[in-house]
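We number each residue from 1, following the sequence as shown.
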Amino acid sequence: EALKFDLLSKSYLSEINAYTPNLSAAWMFQRAMSVRMGQNVDSKFVNRLLATNFQIMDEMGIDTIKPFLQDVIRVDGLAGSLAKSFKADPFFMPAIVAHVGVPSLADWLRHVGMMG
């Protein structure tokens, strides 16, 4: 219908695709696991990131890991898993921040803030 009635501007399309901060926050996980062209990343970086996070979420239980696997990011699961990941591997956090970049992290924090 949007095409039929020439309702393709950003304002019209935002009406049918509402902002969902949990999905906007989810992209950070993809960003953290990707390597851009020309980026020099330790070959074990992604495996370390995944292993730590999935181990933590598994320990936290089905109420944490199931929503994450369904791209339904929740503040309680996110805050708990981040805190426990930092505790489990505190020296890895600077590498993650360097990998995703401070501006991207700040933008992600804005989306997370909108969730709660």
Practice problem: First locate atom CG of Asp107, then atom CH2 of Trp27, and finally report the distance between them rounded to the nearest 0.5 Å. | Solution: 5.5 Å
Quiz item: Which pair of non-hydrogen atoms, one from Ser85 and one from Asn53, has the smallest distance, and what is that distance?
Solution: OG-OD1, 3.1 Å
Quiz item: How about Phe92 and Phe86: are their ring centroids closer than 6.0 Å?
Solution: no
Quiz item: Once you round to the nearest 0.5 Å, how far does CG of Asp63 lie from CD1 of Ile65?
Solution: 11.5 Å
Quiz item: Just wondering, do Val35 and Phe45 contact through their side chains at under 4.5 Å, heavy atoms?
Solution: no
Practice problem: Using a strict 4.0 Å threshold on nitrogen-to-oxygen distance, state whether Asp42 and Arg48 make a salt bridge. | Solution: no
Exercise. Mind checking the OG-CG spacing from Ser81 to Asp58? Nearest 0.5 Å is all I need.
Key: 12.5 Å
Self-check item: CE on Met60 to CZ on Phe68, rounded to 0.5 Å
Solution: 12.0 Å
Exercise. Please check if atom CE in Met93 has more than 12 non-hydrogen atoms from other residues, nucleotides or ligands closer than 6.0 Å.
Key: yes
Exercise. Indicate if Phe91 and Val97 have the same hydrophobic cluster label, given that clusters are the connected sets of ILVMFWY residues with side-chain heavy-atom separations under 4.5 angstrom.
Key: no
Quiz item: Can the ring centres of Phe5 and Tyr12 be said to be less than 6.0 Å apart?
Solution: no
Quiz prompt | Leu23 side, atom CG; Met115 side, atom CE - distance, nearest 0.5 Å | solution = 9.5 Å
Quiz item: In terms of hydrophobic clusters joined by side-chain contacts under 4.5 Å, are Ile96 and Ile56 together?
Solution: no
Quiz item: Does Ala32 offer a backbone N or O that forms a donor-acceptor pair with the side chain of His99 under 3.5 Å?
Solution: yes
Quiz item: Under 4.5 Å between side-chain heavy atoms, hopping through other hydrophobics if needed: is there a path connecting Val72 to Leu78?
Solution: no
Quiz item: Hey, is the main chain of Met28 close enough, under 3.5 Å, to the side chain of Trp108 for a donor-acceptor pair?
Solution: no
Quiz item: Is a side-chain N or O of Thr52 found less than 3.5 angstrom from the main chain of Leu49, in a donor-acceptor match?
Solution: no
Self-check item: Same cluster (ILVMFWY, side-chain, under 4.5 Å), Phe54 and Ile62
Solution: yes
Self-check item: Value rounded to 0.5 Å, distance of CE in Met114 from OG in Ser24
Solution: 9.5 Å
Exercise. Please answer whether the main-chain N or O of Arg31 pairs with a side-chain N or O of Ser34 as donor and acceptor at a distance below 3.5 Å.
Key: yes
Practice problem: Check the hydrophobic clustering (I, L, V, M, F, W, Y; side-chain heavy atoms under 4.5 Å; chains of links allowed) and say if Leu105 and Val41 are grouped together. | Solution: yes
Self-check item: Worked check of side chain to side chain contact (heavy atoms under 4.5 Å, CB included) between Leu50 and Met33
Solution: CA-CA 8 Å; Leu50 288 171; Met33 294 182 288; 3.1 Å; yes
